[in-house]
*Asks:* 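The structure's right below; bear with me while I get my questions together.
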Number of protein chains: 2
Amino acid sequence: MALQIHQLAYFVAVARTRHFTRAAELSGVSQPSLSKQVRVLENTLGARLLDRERGAVTLTAAGEALLPLAQRILIDVEAAQRAVAEVSDMRRGLLRLGGTPSLCAGLLAGALARFHAEYPGIDLQVREGGSRDLVAALHRGELDLALMIDSPQGDDPDLHLTPILRESLLVASPADAPAPTTQARMPVADLRGRPLVMFREGYDLRERTRAACLAAGFEPTLAIEGGEMDAVLQFVEAGIGLAVVPSMVLRTRPTLRGTPLEHPHLERTVALAYRREASLPASAVAFQTVLAVHLTTWGADELGDDLRLL
Amino acid sequence: MALQIHQLAYFVAVARTRHFTRAAELSGVSQPSLSKQVRVLENTLGARLLDRERGAVTLTAAGEALLPLAQRILIDVEAAQRAVAEVSDMRRGLLRLGGTPSLCAGLLAGALARFHAEYPGIDLQVREGGSRDLVAALHRGELDLALMIDSPQGDDPDLHLTPILRESLLVASPADAPAPTTQARMPVADLRGRPLVMFREGYDLRERTRAACLAAGFEPTLAIEGGEMDAVLQFVEAGIGLAVVPSMVLRTRPTLRGTPLEHPHLERTVALAYRREASLPASAVAFQTVLAVHLTTWGADELGDDLRLL
DNA sequence: CCACTCGATAGCCAACGGCTATGAAAGGCG
DNA sequence: CGCCTTTCATAGCCGTTGGCTATCGAGTGG
């Protein structure tokens with residue numbers, strides 16, 4: 001027969017109380033049950049563990065050898081139950097999120113702050129990267145959840161994408177300079193010949209902007225290229241050129257003006273992605289809820305045509 | 001329901017193989033049994049541990065949390081069984097022996113050497129002390145076994161004494177000097193006025209010698225007192241005086257002569273003692289056997305009237 | 001000497017772990 | 001396109017076992 005945890009527990013109870021009857025009530029079973037199980041344990045191990053002298057229960061050498069290990073096992077069993085419980089109800093855990101640079105700065109920051117406030121025991125890991133990087137990381141199981149741009153052609157069967165919001169791409173220009181066009185919306189064709197501040201390789205925005213210009217029949221004119229989001233906006237503010245950026249990054253920048261494009265109107269859809277096969281950790285599920293709440297309050301003050309929740 | 005060791009084992013097997021069927025044959029049970037037990041474990045812990053995707057079994061966050069603890073528990077369970085087995089068959093263990101100084105030097109040394117050769121894994125602790133000390137130590141459970149002098153009046157009901165051998169007390173004198181008496185045996189009365197080298201307080205021999213002299217009607221004359229066995233024998237060898245010593249200590253001392261006493265003939269009985277209530281460790285039982293063997297070979301060359309096995 | 005304490009024993013029952021047989025769903029392949 | 005294979009889940013059965021109550025037996029103390 002195999003050794004059982006409750007047998008170890010009974011043995012430890014007897015070792016502590018030096019008393020079968022008290023050990024039994026301590027363990028919440030009847031004295032004969034406990035006695036029998038201790039006997040079974042002794043038979044299993046092939047050694048007497050206790051000396052049952054009338055009124056003087058003592059450990060044998062074998063019992064002395066077993067006691068510390070038995071105690072450690074019982075402690076570990078309890079620790080195992082506690083560990084699983086903590087992970088389940090999110091007193092502990094790990095949430096690994098990915099996001100494109102623009103989304104990390106704009107959306108994730110606030111959502112993560114909320115999440116951390118609500119679930120302080122969950123470790124947070126954020127990975128910033130292009131959508132292609134994020135997809136690969138999701139596949140390798142390195143991320144639980146990723147905020148990315150939902151490109152129409154990218155329908156990966158292994159990934160589940162939930163559209164979160166749709167936003168316009170705007171032309172950014174300094175707020176203290178004249179608008180780049182006299183109309184409310186700027187035709188893409190009017191970008192011809194205008195110096196543009198362009199993102200580095202890897203940004204979806206770079207490809208979107210270039211593709212739009214090419215579709216309008218011209219190659220964009222670049223003032224500077226290779227910057228990250230923050231640098232690009234600084235350059236625009238300095239008057240070096242215009243930039244095509246998602247509306248959300250202009251939310252907190254009063255020094256920049258955003259002018260919607262038209263012919264065609266450029267948009268992007270932000271989506272939450274996760275691997276279909278792996279079950280989402282509870283923390284990832286909770287994050288989606290937190291994110292949804294965050295979105296409603298976040299977008300509330302500027303929910304024009306340029307940013308629509310889905 | 002309570003968590004069970006075999007459930008942890010099944011879970012670990014699945015975690016390692018990422019495969020229920022293979023985990024089942026690895027564990028030596030049928031696949032349905034293993035599946036059921038893993039489910040039961042999940043219910044017990046209140047959390048899913050595994051994602052069962054067709055051909056891709058993976059751990060959930062809770063499973064990841066449980067795995068290292070489960071492995072540790074299984075390792076400890078095995079260690080516990082091994083530890084008890086090792087103690088039982090004396091690959092490991094502890095033997096705490098006590099002995100009077102004369103017995104430690106004369107008898108124990110050889111017996112312990114034999115014992116250690118036969119059971120190298122057993123740790124040995126020796127405590128040297130007077131019989132009263134040894135009895136107290138046995139009572140407190142600090143000793144498993146003690147070699148002591150069996151005094152006729154000391155019949156402690158808690159202790160079991162097995163007489164081992166009986167030996168005469170001899171008068172020791174330098175071998176290169178004339179014998180202390182012209183006869184083969186020396187009457188106790190003849191010790192009157194002869195300078196004696198006397199043991200320190202605590203030796204039974206001190207009391208025995210003094211009592212014998214008083215019984216013969218005189219107070220012994222002390223040349224030196226307070227010595228341990230070895231010092232006493234050195235003093236005798238230097239011609240400072242005579243000493244009454246057990247025959248066994250003269251076995252390995254060709255420079256000393258031993259003369260039996262008479263009127264009365266003084267003897268002492270060496271006994272092996274252990275606490276009656278506590279079961280003897282296997283090592284203590286084995287030691288008795290080793291000691292018995294040792295005695296037959298040890299006393300073989302000098303088994304005269306002065307040393308008789310019992 | 002009787003009452004009490006305390007562990008062992010006996011006998012019973014419900015629960016449970018294991019088994020075989022079978023189902024169900026997802027690929028793989030002719 | 002449908003069949004076969006793989007793989008885990010389900011169903012139903014059975015022997016074992018852990019737990020219970022009742023009782024014994026031995027040692028203790030008033």
Side-chain angles (χ1 to χ4, degrees), chain A residues 1-45 48-60 63 70 74 77 157-158 160 275-279, chain B residues 1-45 48-60 63 70 74 77 157-158 160 275-279:
Chain A
M1 182 195 324
L3 191 151
Q4 306 254 309
I5 289 174
H6 66 266
Q7 294 168 349
L8 293 178
Y10 295 168
F11 164 70
V12 169
V14 175
R16 287 200 176 134
T17 61
R18 304 194 161 285
H19 201 285
F20 277 71
T21 305
R22 277 198 284 278
E25 58 196 46
L26 188 68
S27 305
V29 296
S30 70
Q31 169 263 316
S33 299
L34 181 136
S35 285
K36 191 205 278 183
Q37 290 303 308
V38 171
R39 272 242 184 279
V40 171
L41 177 63
E42 288 180 322
N43 292 338
T44 301
L45 293 173
R48 292 182 58 79
L49 300 171
L50 297 160
D51 277 326
R52 298 139 166 95
E53 288 296 321
R54 166 127 226 101
V57 175
T58 54
L59 293 176
T60 64
L74 295 177
V77 165
D158 280 7
H160 182 87
R275 205 155 102 255
R276 211 181 279 277
E277 54 183 86
S279 74
Chain B
M1 180 194 326
L3 190 152
Q4 306 255 306
I5 290 174
H6 66 266
Q7 294 167 349
L8 294 179
Y10 295 168
F11 164 69
V12 169
V14 175
R16 288 200 176 133
T17 60
R18 303 193 162 288
H19 202 284
F20 277 71
T21 305
R22 276 198 284 278
E25 59 197 45
L26 188 67
S27 305
V29 295
S30 71
Q31 168 265 316
S33 299
L34 181 136
S35 284
K36 192 205 278 184
Q37 289 305 307
V38 171
R39 273 241 183 281
V40 171
L41 178 63
E42 288 180 323
N43 292 339
T44 302
L45 293 173
R48 292 182 59 79
L49 301 172
L50 296 161
D51 278 324
R52 298 139 166 94
E53 288 297 320
R54 168 127 228 97
V57 175
T58 54
L59 292 176
T60 64
L74 295 177
V77 166
D158 280 7
H160 181 87
R275 205 155 102 255
R276 211 182 279 280
E277 53 183 85
S279 73

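Owing to the predicted nature of the structure, the values given are computational and were not obtained by experimental measurement. We use all heavy atoms of the structure for the numbers below, so side chains are in, but hydrogens, waters and symmetry mates are not. First the proteins, then the strands, lettered A, B, ... as listed; each starts at 1.
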*Asks:* What I'd like to find out is whether the side chain of B:K36 reaches to under 4.5 Å of the side chain of B:Q31, using heavy atoms alone.
*Replies:* no
*Asks:* Where the side chain of A:K36 is concerned, which of D:dC8, D:dG19, D:dT10 is the nearest nucleotide?
*Replies:* D:dG19
*Asks:* Between the side chain of B:E42 and the main-chain N/O of B:L50, is any donor-acceptor distance below 3.5 Å?
*Replies:* yes
*Asks:* Identify which nucleotide among C:dC19, D:dG19, D:dC8 has an atom closest to any side-chain atom of A:H6, counting heavy atoms from C-beta outward.
*Replies:* D:dG19
*Asks:* For C:dT9, take OP1 and OP2 only and decide whether either is under 4.0 Å from a side-chain N or O of A:R39.
*Replies:* yes
*Asks:* So, does A:R52 get its side chain near the phosphate of C:dA8, meaning an N or O under 4.0 Å from OP1 or OP2?
*Replies:* yes
*Asks:* Between the side chain of B:T60 and the main-chain N/O of B:R48, is any donor-acceptor distance below 3.5 Å?
*Replies:* yes
*Asks:* Please list, pair by pair, any protein nitrogen or oxygen found under 3.5 Å from a nitrogen or oxygen in nucleotides 23-26 of chain C.
*Replies:*
| from | atom 1 | to | atom 2 | distance (Å) |
| --- | --- | --- | --- | --- |
| C:dA26 | O4' | B:R54 | NE | 3.4 |

*Asks:* Let me confirm one number: the CG-CZ distance from A:L49 to A:R39, rounded to the nearest 0.5 Å.
*Replies:* 10.5 Å
*Asks:* Can you check the A:D51 CG to C:dA8 C1' distance for me, whole Å?
*Replies:* 16 Å
*Asks:* Would you tell me if any nitrogen or oxygen in the side chain of A:H19 comes within less than 4.0 Å of OP1 or OP2 on C:dG7?
*Replies:* yes
*Asks:* Please report the distance, rounded to the nearest Å, between CG in B:L3 and P in D:dG18.
*Replies:* 16 Å
*Asks:* For D:dG19 and A:Y10 - does any side-chain N or O of the residue sit under 4.0 Å from the phosphate oxygens OP1/OP2?
*Replies:* yes
*Asks:* Could you pick out which residue, B:Q31 or A:A2, lies toward the 5' side of DNA chain D when each is mapped onto its nearest nucleotide?
*Replies:* B:Q31
*Asks:* Using a cut-off of less than 4.0 Å, is there contact between a side-chain N or O of A:S35 and OP1 or OP2 of C:dG7?
*Replies:* no
*Asks:* Can you measure A:Q7 atom CD to D:dT17 atom P for me and round it to whole angstrom units?
*Replies:* 11 Å
*Asks:* Does B:V29 offer a backbone N or O that forms a donor-acceptor pair with the side chain of B:S27 under 3.5 Å?
*Replies:* no
*Asks:* OP1 or OP2 of D:dC20 less than 4.0 angstrom from a side-chain nitrogen or oxygen of A:S30, does that happen here?
*Replies:* yes
*Asks:* Side-chain contact test, heavy atoms from C-beta onward, threshold under 4.5 Å: evaluate it for B:T58 versus B:R18 and give yes or no.
*Replies:* yes
*Asks:* Which of these nucleotides, D:dG19, C:dT20, C:dA10, is closest to any side-chain atom of A:P32?
*Replies:* C:dA10
*Asks:* For A:S33, report the nucleic acid contact type (base, sugar-phosphate, nothing); a contact means any heavy atom under 4.0 Å.
*Replies:* base
*Asks:* Less than 4.5 Å apart, any side-chain heavy atom of B:T44 and any of B:Q4?
*Replies:* no
*Asks:* Is there a side-chain contact between B:Q37 and the phosphate of C:dG17, meaning an N or O under 4.0 Å from OP1 or OP2?
*Replies:* yes
*Asks:* If I take atom CG in residue A:L50 and atom C1' in nucleotide C:dC6, what distance separates them, rounded to the nearest angstrom?
*Replies:* 14 Å
*Asks:* So do the side chains of B:R22 and B:V57 get within less than 4.5 Å of each other, counting heavy atoms only?
*Replies:* no
*Asks:* Find the distance A:N43:CG to D:dG18:P and express it as a whole number of Å.
*Replies:* 12 Å
*Asks:* Applying a 4.0 Å non-hydrogen cut-off, can you work out what B:Q4 is touching in the nucleic acid: base, sugar-phosphate, or nothing?
*Replies:* nothing
*Asks:* Separation of A:L34 atom CG from D:dT17 atom C1', in whole Å?
*Replies:* 16 Å
*Asks:* D:dC8 P sits how many Å from B:E25 CD, rounded?
*Replies:* 11 Å
*Asks:* What is the distance, to the nearest angstrom, from the CZ atom on B:F11 to the P atom on D:dC8?
*Replies:* 15 Å
